[in-house]
There are 2 protein chains.
Amino acid sequence: MPRLADKRRAILRGALTVFAREGYTRASIDQIAREAGVSTRTIYNHVADKSALFETVIQESAARVAEAQVEAMDRHLGGAVPDLREALVAFARDHARPTDADHFALVRQIQAEVGHIPEAALDSWQDTGPRRVQRAVEAHLARFMAEGRLRTADPHRAARHLVLLAAGEVTSRSFHGALPLPAKEVDAIVEDGVEVFLRAYAP
Amino acid sequence: MPRLADKRRAILRGALTVFAREGYTRASIDQIAREAGVSTRTIYNHVADKSALFETVIQESAARVAEAQVEAMDRHLGGAVPDLREALVAFARDHARPTDADHFALVRQIQAEVGHIPEAALDSWQDTGPRRVQRAVEAHLARFMAEGRLRTADPHRAARHLVLLAAGEVTSRSFHGALPLPAKEVDAIVEDGVEVFLRAYAP
DNA sequence: GTCACTTTGCCATGCACGTTGTACTTTACC
DNA sequence: GGTAAAGTACAACGTGCATGGCAAAGTGAC
């Protein structure tokens, strides 16, 4: 097995955890090395410096999570959808209940660091992560509109509204999942959000 | 004039700016002192340490901004409201267009720091800031419901939905105002948000 | 088993920062 | 104008951190 790739994975996983928990500035290379089970010197054999490590981590984490989210979304909203409300609720529940706590903690760190991340890196992160997911939601809603199951409207705006209504309250109240809400409450929020979405976007 | 109170104000203002821009960890006392036009020693004559300074700053900033937001809200939604849609749009526009950039940058930093802020401080911040504003929106919507201008529903949930629809997209796309959106776009987002809210909550 | 490549441990350097003590200066008030 | 409170300049201490060098040890491929 290539040692190199193994170490790389370990480093990125460790860095994700530590950056997510501590934030960019507080996170130290020593801490990351410990978390990854690797020497600090090895980290510097793989990446140029701390900021390059951060950019790599956010990029790969965004790609991985966006992939999973789009896949779940296709499962819930793709193919035959007998009950639209039920499908939207299922999608929204998955979306509001982030499985990958580290990733979403990292998102908070990114949002706080906006002013210190190079524009290109930020843009590329948005493109592989949040915007990718947004485009996927949009495509599904456009299809529902074309099929006459939702009223015709700007699918871009509608996708934003759906995600905000379904996941926005959970995100803001739980600080992106840092202080988790009871499952019962999440379900209620999601159902009410979809309810409102459907009232507004019913054909 | 009491020098003491003057210096205190200068320190808190400078600390707000620096904490907002740099985040808690990266912000240094030297930087804050420079920004405030004060010696570092004076800072330590006013607060015990850096973390106490941070807690004081977030608390006072939350109080000040919440006060202004509630006041603007009362202006738009209180008293006689001939045109509900127009009033909601006016309110939402004020709400989505944060005047105090420092404060909202600080909010991002707080969200990233959740895991490092003592629970009591975080709770108290939420109570004087976001929850206070939420309760005020709620009260206005409850009144509209009682008057039959909105359908009867949980005002708490409705208030969340209104704020999310009106300001959520602006907040998330502009990173709480860090990368400002063109005014034209903000207006369009706000109008669409209110439109959806009214479709869902019309009597 | 040898070899090229990685990894590791350890040391070193230089810097930035939080925090404190001290001795001097400013300032509001009598 | 004198006095007590508050502010400032400056130096100092200890610590933690990013980063680099180097030689020794490990490891997969032949």
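Computed from a predicted model, the values in this text were never measured in an experiment. Throughout, a chain's letter reflects where its sequence line sits, starting with A, and its residues are numbered from 1.
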Residues two or more places apart in sequence or in another chain: which of them pass side-chain contact (heavy atoms from CB on, under 4.5 Å) with Glu86(B)? Asp83(B)
Residue pairs fulfilling ring-ring contact (aromatic ring centres under 6.0 Å, His included) with at least one residue in residues 53-77 of chain A, sequence neighbours excluded: Phe19(A)-Phe54(A), Tyr24(A)-Phe54(A)
Protein proximity profile, nucleotides 7-17 of chain D - base contact B, sugar-phosphate-only contact S, no contact -, cut-off 4.0 Å on heavy atoms: SBB-------S
Applying side chain to side chain donor-acceptor pair (under 3.5 Å), name anything that partners Gln134(A), two or more places apart in sequence or on another chain. Glu138(A)
Is any side-chain N of the basic residue among Arg9(A) and Asp6(A) closer than 4.0 Å to the acidic one's carboxylate O? yes
Phe54(A) CZ to dT19(D) C1', straight-line distance once rounded to whole Å: 19 Å
Please enumerate all residues that pass side-chain contact (heavy atoms from CB on, under 4.5 Å) together with Ser124(A), with sequence neighbours excluded. Gln59(A)
I need the CD-P distance between Glu22(B) and dA16(C), as an integer number of Å. 14 Å
Contacts satisfying side chain to side chain donor-acceptor pair (under 3.5 Å) that involve residues 190-200 of chain B (not counting sequence neighbours) are Arg157(A)-Asp192(B), Arg85(B)-Glu195(B), Glu195(B)-Arg199(B)
Overall bend - the helix from dG1(C)-dC30(D) to dC30(C)-dG1(D), comparing terminal axes fitted on five pairs, nearest 10 degrees: 30°
Roughly how many Å is it from CD1 in Ile43(A) to C1' in dG20(D), rounded to a whole number? 15 Å
Sort and list the pairs that fulfil ring-ring contact (aromatic ring centres under 6.0 Å, His included) and have at least one residue in residues 93-143 of chain A, not counting sequence neighbours. Phe91(A)-His95(A)
Rounded to whole Å, CG of Leu53(A) lies from P of dA18(D) at a distance of 11 Å
By side-chain contact (heavy atoms from CB on, under 4.5 Å), which residues pair with Glu60(A), not counting sequence neighbours? Arg8(A), Leu12(A), Thr56(A)
Can you tell me how far P of dA16(C) sits from CD1 of Ile32(B), to the nearest Å? 17 Å
